[in-house]
Number of protein chains: 2
Amino acid sequence: MDEFMQLAIDEAKKGRNQGGIPIGSVLVKDGKVVATGHNKRVQENNPILHGEMDCLNNAGRIGSYRNTVIYSTLMPCYMCAGTIVQFKIPKVIVGESKTFDGARKFMESHGVEVVDMNLPECIEMMEDFIREKPELWNEDIMELE
Amino acid sequence: MDEFMQLAIDEAKKGRNQGGIPIGSVLVKDGKVVATGHNKRVQENNPILHGEMDCLNNAGRIGSYRNTVIYSTLMPCYMCAGTIVQFKIPKVIVGESKTFDGARKFMESHGVEVVDMNLPECIEMMEDFIREKPELWNEDIMELE
């Protein structure tokens, strides 16, 4: 297992153990971890803190993102993908996209390299969560009436 | 002047008076203000708190955004536009897009209605800011080397 993806999975589990949505993220710059984060919709009553956003929030103002890679246990949604494009983060490595296909094409159309590791551990974690808390999941991806 | 846009401009000025980036936002649901916000990159050392994001953050978990309109003194960037698309906010009203043309086409391609009021007050506020603090502005839109 990639050590940075392992950290992202650890973050996702941390979120799950807090009663939150199990998605974790890690920002790496020049080969070193800058920040980690996880989805905090439940914990902070905050709709914008997806895993990737929490991670970028935790990183603070780091200047250029040119030499960064962002890891996420799940394919980014349009909010997180738009942020990746705006911040000019050149590469995204995700744990899986089976449970949510997100905005891969949008990122690729803006020159972002997207790698999907298709990890059974990540798929299982999301499938368990979606089965257990479907309303919370639908709220997080805004599949609401 | 539209009362909600006036509130967004008031938010932008609040940010400016704090030494921050003068961009404000208001979320309206069913014709009533849900939350206001302004860019807090400087104030909270936070790259994700653009005006629109701070406003959505302040609104908390409100369920569906179907009957909402988001106001911003400036055309949304890809981060904020991606969030608007993901949250299914159907309408965006902006003060101007002369100083930053943002991601209008992206939003429109996803069915978001975008109205540009092209207000001299908003244009002047941004032009003054960009002239006074070009490095900070370039950091906020990630025009960094």
Side-chain angles (χ1 to χ4, degrees), chain A residues 20-21 25 27 34-35 37 40-50 52-68 76-90 100 102-103 105-107 109-112 135-136 138-145, chain B residues 20-21 25 27 34-35 37 40-50 52-68 76-90 100 102-103 105-107 109-112 135-136 138-145:
Chain A
I21 299 168
S25 178
L27 182 69
V34 177
K40 289 179 180 156
R41 171 181 291 275
V42 172
Q43 297 91 320
E44 298 196 6
N45 189 41
N46 189 328
I48 71 167
L49 286 182
H50 280 192
E52 301 90 326
M53 304 300 282
D54 184 51
C55 180
L56 293 167
N57 179 343
N58 292 337
R61 293 164 69 185
I62 65 164
S64 171
Y65 292 79
R66 193 177 53 239
N67 297 324
T68 63
C77 76
Y78 275 109
M79 170 170 68
C80 300
T83 305
I84 287 162
V85 167
Q86 186 66 35
F87 285 27
K88 302 182 180 172
I89 296 173
F100 179 70
K105 282 181 191 166
F106 164 72
M107 291 187 284
S109 76
H110 283 271
V112 179
E135 299 82 4
L136 183 55
N138 286 336
E139 180 189 339
D140 202 54
I141 55 173
M142 298 297 167
E143 293 291 342
L144 298 169
E145 284 314 305
Chain B
I21 299 168
S25 177
L27 182 69
V34 178
K40 289 180 180 155
R41 171 181 292 276
V42 173
Q43 297 92 319
E44 299 197 5
N45 189 41
N46 189 328
I48 72 166
L49 286 182
H50 280 193
E52 301 90 325
M53 303 301 282
D54 183 51
C55 180
L56 292 168
N57 179 342
N58 293 336
R61 292 164 68 186
I62 66 164
S64 170
Y65 292 79
R66 192 179 53 239
N67 296 325
T68 64
C77 76
Y78 275 111
M79 171 170 66
C80 300
T83 305
I84 286 162
V85 166
Q86 186 66 35
F87 285 27
K88 301 182 179 170
I89 295 172
F100 180 69
K105 283 181 190 166
F106 165 71
M107 290 188 283
S109 76
H110 284 270
V112 179
E135 300 83 5
L136 183 54
N138 286 335
E139 180 189 338
D140 202 53
I141 55 172
M142 299 295 169
E143 294 291 342
L144 299 168
E145 284 315 305

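Here the structure is a predicted model, which is why all the values come from computation and not from measurement. Below, chains carry the letters A, B, ... as their sequence lines are ordered, and counting in each starts from 1.
When the candidates B:Arg61, B:Lys88, B:Glu139, B:Met142 are compared by the number of heavy-atom contacts under 4.5 Å with chain A, B:Arg61 comes out ahead. Each of B:Leu49, B:Asn45, B:Leu56 has some count of heavy-atom pairs under 4.5 Å with chain A, and the biggest count is that of B:Asn45.
The minimum heavy-atom distance linking B:Ala35 with B:Cys55 is given by the pair O-SG, 3.3 Å. Across all non-hydrogen atoms, the minimal contact from B:Pro47 to B:Arg41 is O-NH2, 3.7 Å.
Centroid-to-centroid, the aromatic rings of B:Phe87 and A:Tyr78 stay 6.0 Å apart or farther.
Heavy atoms of A:Ile62 lying under 4.5 Å from chain B are absent altogether. Neither the backbone nor the side chain of A:His50 comes within contact range of chain B, judged by heavy atoms closer than 4.5 Å. Heavy atoms closer than 4.5 Å to chain A are found nowhere in B:Ile84, neither backbone nor side chain.
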Legend entry - Audit row: B:Met53, B:Thr83, side-chain contact (heavy atoms from CB on, under 4.5 Å) steps and yes/no: CA-CA 8 Å; B:Met53 303 301 282; B:Thr83 305; 3.4 Å; yes
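For the pair A:Asn58 (side chain) and A:Asp54 (backbone), a donor-acceptor distance under 3.5 Å is present.
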